Amino acid sequence: IMQMILDAGCEIASHSWDHPQLSKIKWKKAKSQIDRTDRIVSKLLNGYQISLLRPPYGSISKTMRKKVEKPMILWSLDTEDWKSRNAKKVFNRVKKEVKDGDIILMHDIHPTTAEALKAVLPWLIENDYDILTVSELAARKGAPLHNGKAYGGFTGN
């Protein structure tokens, strides 16, 4: 699945090994969560190096800001798909709130999110939004990504 994701032009970031709130566990355990994920992805994808971290729950500690050796990616538009589990609500939220430079949060574990994407993606394209990886978006907006810094979209650039 990950190879298909890469082949489709997507970027793979870490979201930890098993989704703990990294900011609330000891740094050694948080680092292990990140490193373990990096190693298995690299092994499965012929050396692919994960360069971004999307911390579970968007939770970041001061220690993480100092020690995480990746930019940390948050979001600027939460579709609340995890809460509503309703494809139409997800679509309407994106349609109403999306701005240029947004990072849209969605969860691939919900079938209703997959259903929403069938409407969201064509609508975004029809309305002149480009679908980009985070790295592509940052580059387009002239925003270099720095280790330990959190980014929640690039709407101000």
Side-chain angles (χ1 to χ4, degrees), residues 1-23 30 33-34 36-60 64 68 70-147 149-157:
I1 292 171
M2 287 188 297
Q3 188 61 56
M4 289 184 338
I5 289 167
L6 285 179
D7 292 346
C10 297
E11 180 170 41
I12 295 176
S14 177
H15 194 47
S16 78
W17 183 255
D18 59 6
H19 210 262
Q21 197 163 341
L22 297 174
S23 66
Q33 287 277 325
I34 297 164
R36 186 176 182 193
T37 303
D38 288 355
R39 282 192 304 274
I40 193 68
V41 170
S42 180
K43 180 179 177 183
L44 294 173
L45 295 176
N46 302 313
Y48 181 87
Q49 297 298 303
I50 291 177
S51 62
L52 304 171
L53 172 67
R54 214 294 270 155
Y57 312 101
S59 184
I60 300 170
M64 289 171 66
V68 170
K70 301 175 185 331
M72 294 181 281
I73 307 304
L74 303 176
W75 57 88
S76 48
L77 173 52
D78 184 353
T79 63
E80 296 189 349
D81 59 333
W82 53 273
K83 187 182 200 178
S84 74
R85 310 276 176 98
N86 180 303
K88 188 169 183 155
K89 283 185 179 181
V90 169
F91 172 67
N92 286 337
R93 187 173 195 106
V94 171
K95 191 174 172 181
K96 179 181 174 187
E97 296 183 21
V98 72
K99 300 177 298 304
D100 179 53
D102 271 334
I103 296 173
I104 302 171
L105 177 64
M106 294 180 156
H107 299 82
D108 65 355
I109 59 173
H110 304 303
T112 49
T113 301
E115 190 62 33
L117 279 171
K118 293 177 185 176
V120 168
L121 290 172
W123 184 88
L124 289 169
I125 292 166
E126 287 166 12
N127 286 276
D128 296 323
Y129 290 96
D130 292 327
I131 310 303
L132 304 171
T133 67
V134 169
S135 294
E136 290 168 340
L137 176 60
R140 180 174 292 179
K141 294 294 186 174
L145 299 172
H146 300 285
N147 292 347
K149 186 170 179 190
Y151 300 87
F154 301 91
T155 58
N157 297 1

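In this text the structure is predicted, and so the values were computed from the model without any measurement. Below, each value reflects all heavy atoms present in this structure, side chains not excepted, and no hydrogens, waters or symmetry copies.
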* Where Thr155 and Gly101 come nearest, the two heavy atoms and their spacing -> CG2-C, 3.7 Å

* To do: Could you name each residue pair satisfying salt bridge (charged side-chain N to carboxylate O under 4.0 Å, His left out) that touches residues 116-134, not counting sequence neighbours?
  => Glu115-Lys118, Asp130-Arg140

* With Glu97 via side chain to side chain donor-acceptor pair (under 3.5 Å) - residues at least two apart -> none

* Does the pair Met72 and Arg54 meet the rule for a side-chain contact (heavy atoms from CB on, under 4.5 Å), with working shown? -> CA-CA 6 Å; Met72 294 181 281; Arg54 214 294 270 155; over 6 Å; no

* Structure fact -> With sequence neighbours left out, the residues meeting side chain to side chain donor-acceptor pair (under 3.5 Å) with Ser76 are Asp102

* Can you tell if the side chain of Lys141 reaches within under 4.5 Å of the side chain of Asp100, non-hydrogen atoms only? -> yes

* Asked: Should Val68 and Ile34 be marked as a side-chain contact (heavy atoms from CB on, under 4.5 Å) after you check the CA-CA gap, both sets of side-chain angles, and the distance that decides it?
  -> CA-CA 9 Å; Val68 170; Ile34 297 164; 4.2 Å; yes

* Structure fact -> Looking only at heavy atoms, the pair that brings Phe154 and Ile103 closest together is CE1-CD1, 4.1 Å

* **Where Ala119 and Phe91 come nearest, the two heavy atoms and their spacing** => O-CE1, 3.6 Å

* For Tyr129, ring pair (Phe, Tyr, Trp, His ring centres under 6.0 Å) partners two or more places apart -> none

* Taking all heavy atoms of Ile50 and all of Ser14, pick out the closest pair and write down the distance. => CG2-N, 3.4 Å

Please list, one pair per line, the donor and acceptor atoms closer than 3.5 Å that link side chains of residues 5-12 to other protein atoms, with sequence neighbours excluded.
{"from": "Asp7", "atom 1": "OD1", "to": "Gln3", "atom 2": "NE2", "distance (Å)": "2.9"}
{"from": "Glu11", "atom 1": "OE1", "to": "Val134", "atom 2": "N", "distance (Å)": "3.2"}
{"from": "Glu11", "atom 1": "OE1", "to": "Ser135", "atom 2": "N", "distance (Å)": "3.1"}
{"from": "Glu11", "atom 1": "OE1", "to": "Ser135", "atom 2": "OG", "distance (Å)": "3.4"}
{"from": "Glu11", "atom 1": "OE2", "to": "Ser135", "atom 2": "OG", "distance (Å)": "2.4"}

* What residues form a salt bridge (Lys or Arg N to Asp or Glu O under 4.0 Å) with Lys149, not counting sequence neighbours? -> none

* Asked: Can you tell if the side chain of Tyr151 reaches within under 4.5 Å of the side chain of Leu145, non-hydrogen atoms only?
  -> yes

* Asked: So, do His146 and Pro71 sit near enough that their side-chain heavy atoms are less than 4.5 Å apart?
  -> no

* Can you name the closest pair of heavy atoms from Ser59 and Pro55 and give their distance? -> O-CB, 3.6 Å

* Test Met106 against every option in Ile104, Asp108, Ile109 by the side chain to side chain contact (heavy atoms under 4.5 Å, CB included) rule and name the one that passes. => Ile104

* To do: With side-chain contact (heavy atoms from CB on, under 4.5 Å) as the test, would you mind laying out the steps for Leu53 and Ile73 before giving the verdict?
  => CA-CA 6 Å; Leu53 172 67; Ile73 307 304; over 6 Å; no

* Identify, with sequence neighbours excluded, every residue that meets side chain to side chain donor-acceptor pair (under 3.5 Å) alongside Thr113. => Asp81

* What is the distance from atom CZ of Arg85 to atom NE2 of His107, rounded to the nearest 0.5 Å? -> 9.5 Å

* So, for Pro56 and Leu22, which heavy atoms are closest and what is the spacing to 0.1 Å? -> CD-CD1, 3.9 Å

* Asked: Can you name the residues that form a side-chain contact (heavy atoms from CB on, under 4.5 Å) with Ser84, not counting sequence neighbours?
  -> Asn86, Lys89, Val90

Please output the side-chain donor-acceptor pairs of residues 37-44 that fall under 3.5 Å, not counting sequence neighbours, one pair per line with the distance.
{"from": "Thr37", "atom 1": "OG1", "to": "Ser16", "atom 2": "O", "distance (Å)": "3.3"}
{"from": "Thr37", "atom 1": "OG1", "to": "Trp17", "atom 2": "N", "distance (Å)": "3.1"}
{"from": "Thr37", "atom 1": "OG1", "to": "Gln33", "atom 2": "O", "distance (Å)": "2.9"}
{"from": "Asp38", "atom 1": "OD2", "to": "Lys70", "atom 2": "NZ", "distance (Å)": "2.8"}
{"from": "Ser42", "atom 1": "OG", "to": "Gln49", "atom 2": "NE2", "distance (Å)": "3.3"}

* Structure fact -> Taken in chain and number order and not counting sequence neighbours, the residues that satisfy ring pair (Phe, Tyr, Trp, His ring centres under 6.0 Å) with His19 are His15, Tyr57

* Structure fact -> Sorted by chain and residue number, the side-chain contact (heavy atoms from CB on, under 4.5 Å) partners of Asp78 (sequence neighbours excluded) come out as Trp75, Glu80, Trp82, Leu105

* To do: May I have all residue pairs that pass salt bridge (charged side-chain N to carboxylate O under 4.0 Å, His left out) and include part of residues 12-23, sequence neighbours excluded?
  => none

